[in-house]
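Structure first, then comments.
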Amino acid sequence: MSHYLFILVGAVLVNNVVLVKILGLCPFMGVSKKLETAYGMGAATTFVLTMATGASYIIDHTLLMPFGLEYLRTLSFIVTIAAIVQLTEMVIAKTSPTLQQTLGIYLPLITTNCAVLGVPLLNIANGYNFVESLLFGAGSAFGFSLVLILFAGIRERTEGADVPVHFRGVAIAMVTAGLMALAFMGFAGLDKYQ
Amino acid sequence: MDILLAIAIMALGAVVLGALLGFASVKFKVEGDPLIEKIEAILPQTQCGQCGYPGCKPYAEAIANGDEINKCPPGGVEGVQRLADLLGREVKPLDAEEKPKQIAIIDENTCIGCTLCIQACPVDAIVGAAKQMHTIVAQQCTGCELCLPPCPVECIRMEVIDENIDNWKWKYPVVEIKAAALQKAA
Amino acid sequence: MFAPAPFLLKDVSVSQVMIQVCVALIPGIAAYASLVGPAILVQLAIATLAALAAEAVMLRILRKPLAMFLTDGSAIVTAWLIALTFPPLAPWWLIVTGTVFAIVVAKHLYGGLGQNPFNPAMVAFAVSIVSFPALMSQWPSVGLQLGLVDQMNVILGWAPRLDALSGATPLDAMKTALNLSDGSFDVTALLANQDIYGNFAGRGWEWVSAGYLLGGLWLWHRKLITWHVPLAFMASLTALSGALWLYNPSQFASPLFHMLSGGAMLGAFFIATDPVSGCTTPRGKLIFGAGAGLLTYIIRVFGGYPDGVAFAVLLMNLSAPLIDLLTQPPVFGMKDKA
Amino acid sequence: MLMNLFKFKGGVKPPTNKTQSVGLPIAIAPLPSKLVVPLHQSIGGMPRPVVQAGDKVLKGQLIGEADGRISAAVHAPTSGTVVDVAMHIQPHPSGLDALCVVIEPDGKDEWIDRQPLDYAAMSPEQVREHLQQSGVVGLGGAVFPTHGKLTASKTVPMEEMVINGAECEPFITCDDLLMRERAEEVVRGIGIFRDLLRPKKVLIGIEDNKPEAAAAMRAAVAAVGEDFAVIQVPTLYPAGGAKQLIRVLTGKEVPAAKRSTDLGVQCFNVATAYTAWRAIAHGEPVVSRLVTVTGNVHDPRNYEVLIGTPMDELLKLARPHPDTDGIIMGGPMMGFLVPDVHVPVIKATNCLIAHDDRLFPPKAPEMPCIRCGACAQACPHELQPFEMYWFSRAKNFGKTQEYNIFDCIECGCCSFVCPSRIPLVQYFRFAKSEIWAREREKNAADQAKTRFEFKQLREEREKADKAEKLAKAAAAQAAKKAAEAAAAAAVPADASAEATPSASGPAPAQTSAVPAVDAEKAAKMATIEAAMARAKAQREAVQPKNTENLTSEQQRAASDIEARRVAAHLIEPEPATPAGEKTE
Amino acid sequence: MITRDEVKTIAGNGIWKQNTSIVQILGLCPLLAVTTNAVNGIMLSLATIIVMALSGVAIASLRNFIPHEIRIPVFILIVAALVTVVDLLFNANLHELYLVLGIFIPLIVTNCIVLARVEAFAAKNPPLQSTFDGIFMGVGMLWTLALLGAMREFLGSGTILGGIDMVFPSLQPIQVLPESYPGFLLALLPPGAFILLGCMIAWKNWMEARAAERNKQKPPAPVATAGCH
Amino acid sequence: MSATKEFSATGMAARTAAILFVFVIIFTGLLSGAYLWTKPAIEASAAEEKMKLVDEVLPRSEYDNALLEDTLTLPATPELTLADPTQLYRARKGGQPVALVFEAVAPDGYAGKIRLIIAIRATGEVAGVRVTQHKETPGLGDYIEVKKDKNKARPWITQFNGMSLAQVTDKEWKLKKDGGRIDYHAGATVTPRAVSKAVLRAAQWAEANRNRLFAEGAAK
Ligand SMILES: Cc1cc2nc3c(=O)[nH]c(=O)nc-3n(C[C@H](O)[C@H](O)[C@H](O)COP(=O)(O)O)c2cc1C
Ligand SMILES: Cc1cc2nc3c(=O)[nH]c(=O)nc-3n(C[C@H](O)[C@H](O)[C@H](O)COP(=O)(O)O)c2cc1C
Ligand SMILES: Cc1cc2nc3c(=O)[nH]c(=O)nc-3n(C[C@H](O)[C@H](O)[C@H](O)COP(=O)(O)O)c2cc1C
Ligand SMILES: Cc1cc2nc3c(=O)[nH]c(=O)nc-3n(C[C@H](O)[C@H](O)[C@H](O)CO)c2cc1C
Ligand code: SF4
Ligand code: SF4
Ligand code: SF4
Ligand code: SF4
Ligand code: FES
């Protein structure tokens, strides 16, 4: 039981996808200018990433591994993810205009979020079983959302700061991300009990 | 053999996903785009066409389809900023110089009442009838200057709206204070 | 002409605030100096010079008024906190690197005084311990009595860095021993048998912590800090360490040990209270302090670094804007609504 | 009476500097050489001038007529000649001009006919009307027309009426002296308000650094036989802010979004009560007020001053020291340096402070905010000034509103305590006025949009009409042509060749067929278009049309135009345009 | 076919004006993750160039057969297939490097640059142009990765060309700073990567500002746009 | 896109499925071709990678059998702190047992587990030790990795070479600081302690199980 907890907490904090595993940076940088959008992106990514880890586990274990077709992983995973994203997008657009308003513009961006493909691949590298994979996926997604939202909070504040002119915008955001990663290094070693 | 198996499995997936997607794309089709409305809400509704589109709405549509956000002079740098915020794009300098807010004034003695300017005004801010003197309702004039060219006797001019006690704004404090600080430090 | 109201101003200034923070650090510094010798004063001087130099250069580059900002005292506070958290015999270049990084990257890239989201001193500490873990974990062994000259030689790199210089801190020693012991070591035995431990915590370190406590209380009395952060910090640290200590006193040290070890006191009163990078709403401050206390314990006991204060504070720094946003106090007349 | 006092959070204690100006009794300021009376002296509509250059006026004669419900009349402060109705620089931080009536006193100071009123016999509506006509406005600083505050809420019973004699700003003592010397009239004025609002309790709050005033008021209350409670409140700036005083005396907190009557409280300044009494019992409109003249002067003192008196003339009475370099109107916390020393005293002028660098040392340069939170602790409205500052500075106005910038009463406590010496209030004013301007722009844009859409719709409809007409004409013509062609075909071919020399043999049939088909097409198109336009028009008709429901402003603008046109004899005095039609 | 000028603009855009890493701020994950030395960065960029060039051709030639609704899945399919081929090639021939670059080879698929270029360019332009575009975008990525890798390696360990032995086993990294250089480890860790990239972007902004200053009549090139989007 | 015809839902489904199908066939075919083409090379390099590791702990000159074929699957072995089954390789020369090559884990590193590959000769001597995986602090505890060790001439990890239970007593099999003979870097003693303890335990385990291990597979 505690083993599962470690996987979950580890994925959120110790091995945070963005700050430690360095995945999903483009949306992290791109959609963090405002808290509001960060919430939306976080929610959308959490949904898709969790779905993607589940789906790719099933594909890997029912279609690929039994036939020794591991080399098709990337291909089949990413196509599945793209389809999930597009389906979600269409369903949301039709069924919930409010959800569409908040999540609509982020969904298409998720296809090109490295984390969404990276986490399923890491799952396989780590040899996780289905539950572990889901937990790792959800944890990573939550970790992504968490740092995205915190980052957006800081960026909204630094927006008003008297940052040296050439550093305004993305450059200072990078520095902020660096200092965040530095802070997250404090969690290092917490997973040694895993 | 392996190849055939691989292809078969992938093809199976392709057919399933393709069918799902195709089905959904028809079943869940939606019209309209809330983004355009949001963009339009930011544009100043001057309807002047300086952006190269016939009015603000067409420009909003164009922006939604990827046009630059810096083409609306009446919106000013600030409008660009707000569009950039909305769309997550980078702020760009305005594609023209920013003008102070103006309104049109008709020289009542020269006006011959040709009604050409009435037709040009996109917001019906000009009142008057054929062969009679025209006047511009100041509150309604957006300062778009569209009435200037059609006037045959050039009796319309633009005037900058003066600052008065009612529309006066407190100024941004930093400027002088920074200057003072610098002076002091120097 | 256009002088804005109010025309009367209270007689306060940023430099007054910062100077008082420095004054409040003096009891702790005195205890520290009597424990490890004058080296710490040398380090304070090095850090101060490095901070002022870095500040001056940055102000010049960014074309900001030099005199006004050099005298505001904030760089000195940063420098002193860096000197107090680094090992007292750390080589000079380590302190200088840390300080310059703090001032240039953590402070001035964000626009300087008042605008940095991260605590500059803790950035310096974190950067240094991550980059130079070996040097950052060499603390003079207990009973190592070196004179000023010898200490200077070590700091300036003119004397070799002997093994004797590099003991672990009480906190680290405790953690290492407990982690490796397979249960054979026990806290009480450790405290009783090893001479680096005093009555409650590290030998002599109790007094340094007490000095910081004294200074911190004075700051509170002067209304430069509020009670929220220190109290929440100490309460959460005590609660967590106390719970685990009661659960297994032979494997977990007492709350007193944790309060008086490492940077806990300094952190509670001087570091987590940094107004610039911390929370500002009363509830936010409570959350900030409590979070910093919890994370400090978790990192120092279970994590990979000997003390958690720096990382805990940085982690709370990065949460601070959001915490502030979510804990806005209700304004006048809106209390029943919130 | 023993009362449980409440506390408000925050507040500051600047040195009060009040003793200087209470030593001498109120003096009547002499007639100045010229009076410049701004027409716009209260919140609300700008009064319309009812005099012209050359008119003779008597003291108290109406010169500006209230415009709309929230507006207050303006009167001639003395008898004399109107020399000008023109734009003059205002005692306003902008330093801009506004319309003023300039009066040259004739020295006689001759009143118009003053009619004391028995307000007990009048309906409340009439009393309010009379107060408006007498130009009674709040003299506590906000100059809100008092009649507008004298209607109780229909749903909430009026519990307490708070009378503001706190006078919390340093230096100012005019209310103090008023209460000391004219307590009885103040109390009687309060009586009028009480009778109009019918509160359960009347609480008179006076800061505890004015014991003489409190004593005088107590005596007057007893003398008049009222049951008003005179309560000394702790001296803490801004205890005189209406919301703070209400909080201290009643424990109620009035949020920014609500009026105090919604909570069953109302607040008036003591001087307001005094002028109300004068207006009712003596028939005297507001033509003068008490002004504290203090600061860098030899003889700080309170004067009863005619509205319109140039400030430099008033200041001279108190003999300013030679190093005086400006005049602050109002107190040192909320006042402002007047843009020109000749600007007139207005109803809002409670104090003039001669400014010099000794009393008010120049501020050290602004440093960045260190988020120390001192301002938040000092803010009586429990705001987060540094957040509001941070976002005002970055011009992120949406955020400032999230931090409730519009709850700020601009009291200046935050600026007072700030160790970085940031002119916080200044940033807030800047942000507020930008937000207001934006609001105006937004409204204008919305209006422009509806007008534009309406115009487009109209044009489309016209086009459709035209097309329909054209199509009809074309169809008719085609029919005619077809008939002709048929006729032509009927006649022998050579004749047809003669009739249409250009056409070749088989041409007639073709020519007749082509237009027929075209016309048919055009007619069909036109009907479709017309139908579509109708449908659209119907759809649109559900939405409000901009030409109806015009605001009074627009109507006025239109009618102004109309009037001018009539004046220019360019049109008959009858509506000539569609817009005009609708507005008439 | 393709004119010299066209090549020039495409190259200019790819290498500087629309540089993926420091202007478009795309493809950050490999940019930051693999650049612990220059060689890693260069090799991953080469892999990316191959994928981009090939996918450019493939998509530009097939663009007319791909229906709009499923263009993204199809694009991704093509890119993923090409990436897997490259992955297999690395695995077969540069096994050690393959282990170092690890997950980032398959992740070329989601590298926003690839899809962004495919969407923004290849789907609208003829094959030859698209190939050039892919190559030059890749070159832009290559030099930034190489520079960032070199800086990190130099600061972090005082060497250059670390990891060269994985490509050319006969070569060895060069120790530039003295052996006693303690190594500023931060540079090799994620925080250092972020901060140094921030500095590179600021440097680019500075260059642009200086260039704009120099010839004011020329309009400034677009400033960094954040995000794939 | 050009004005697409309106399709019914099922029609559209069929259409997209067909198009996707075609693309998938083409590109999966391509991919599979590439796979088949590179497969031998990939397998070779995987084997080479394994051999490279083994080569580091045991010189090839010492044995002559096909090492990678002479394997045994070790079940989870608590003595070596192995939680999962691993492979053990047996080196023989002329059919005579030469050495065992196997994995072991030091559980108590500073930042978690340290994975080792260890070769122990039939004589009980340690032939070589290498670290395959660890999370020790960069710059402090990572000198146990040959690559990160600044002492290139004689990396720290090589000092186990040649040690055996016969020569070195348990007491000596410790850090110098703890009274043993093993060197360490100042300021980082946790890591070397963990490694040396693990090597000692591995040697003891090999001593105890050697005969069984060499015999087991040979019978089959
Ligand atoms: C904020 C802060 C304050 C510190 N103050 C002290 C202190 O007063 N006394 C002390 O022994 N160590 C202090 N330290 C050092 C740490 O507690 C810790 O012992 C040291 O960084 C690691 O040393 P080690 O590796 O030898 O255990 C401080 C560290 C931090 C982050
Ligand atoms: C900060 C602040 C301080 C004030 N101080 C006083 C004061 O001391 N005395 C006063 O009568 N009104 C003061 N006012 C004005 C009151 O808020 C309020 O407008 C007034 O008491 C209402 O009475 P009136 O309408 O009769 O003027 C102050 C307002 C503010 C915002
Ligand atoms: C950030 C940090 C990381 C450390 N990492 C390691 C490590 O990986 N391996 C190690 O043996 N010691 C490490 N240490 C040092 C231990 O905390 C401990 O001080 C040391 O092993 C005790 O050695 P000593 O007996 O020589 O004093 C680290 C210390 C710090 C501050
Ligand atoms: C109570 C108090 C605590 C402070 N703590 C710190 C600190 O922990 N680290 C630091 O760099 N500066 C500290 N400062 C100084 C100053 O706020 C800091 O340098 C700013 O972060 C620079 O913008 C402190 C100042 C005060 C008033
Ligand atoms: S330039 Fe601006 S205001 Fe003018 S039409 Fe275009 S969008 Fe509207
Ligand atoms: S009056 Fe002239 S300037 Fe004003 S809105 Fe109409 S057309 Fe534009
Ligand atoms: S001026 Fe506004 S923000 Fe400042 S203390 Fe007064 S109410 Fe609060
Ligand atoms: S008092 Fe001044 S420095 Fe302190 S938080 Fe407020 S604005 Fe900032
Ligand atoms: S490269 Fe763009 S998200 Fe990873």
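Taking both residues in full, the closest heavy atoms of A:I78 and E:A80 are given as CG2-CB, 3.5 Å, listed atom of the first, atom of the second, then distance. When all heavy atoms are compared, the tightest approach of A:G178 to E:P191 is O-CB, 3.3 Å. Here the closest heavy-atom approach between residue E:C29 and residue A:C114 is recorded as SG-SG, 3.4 Å. Residues E:G198 and A:A171 approach most closely at O-CB, 3.4 Å, considering heavy atoms.
Screening E:L197, E:I25, E:I22 for a side-chain contact (heavy atoms from CB on, under 4.5 Å) with A:V170, the sole residue that qualifies is E:I25.
Residue A:V20 touches chain E through its backbone alone, counting heavy-atom pairs closer than 4.5 Å. Contacts of E:L31 with chain A are absent, with no heavy-atom separation under 4.5 Å from either backbone or side chain. Only the side chain of E:L189 comes within less than 4.5 Å of a heavy atom of chain A; its backbone N, CA, C and O stay farther away. Residue A:M185 touches chain E through its side chain alone, counting heavy-atom pairs closer than 4.5 Å. A:A177 touches chain E through backbone and side chain together, each having a heavy atom under 4.5 Å away.
Per-residue counts of heavy-atom pairs under 4.5 Å with chain E were compared for A:N113, A:L179, A:T80; the largest is that of A:N113. Counting heavy-atom pairs under 4.5 Å between each of E:A81, E:P106, E:A193, E:P30 and chain A puts E:P106 at the top.
Taking CG of E:L107 as the reference point, atom CD1 of A:I22 lies at 12.5 Å (rounded to 0.5 Å). How far CG of A:L75 is from CD1 of E:I78: 10.5 Å, rounded to the nearest 0.5 Å. Annotation: the span from E:F194 atom CZ to A:L182 atom CG amounts to 11.5 Å, rounded to 0.5 Å. Note that the CD1 atom of E:I201 and the CE atom of A:M174 stand 4.5 Å from one another [nearest 0.5 Å].
When side chains are defined from C-beta on, A:T74 does not count as touching E:D87, because their heavy atoms never get closer than 4.5 Å. Counting heavy atoms from C-beta on, the side chains of E:F104 and A:L23 come closer than 4.5 Å.
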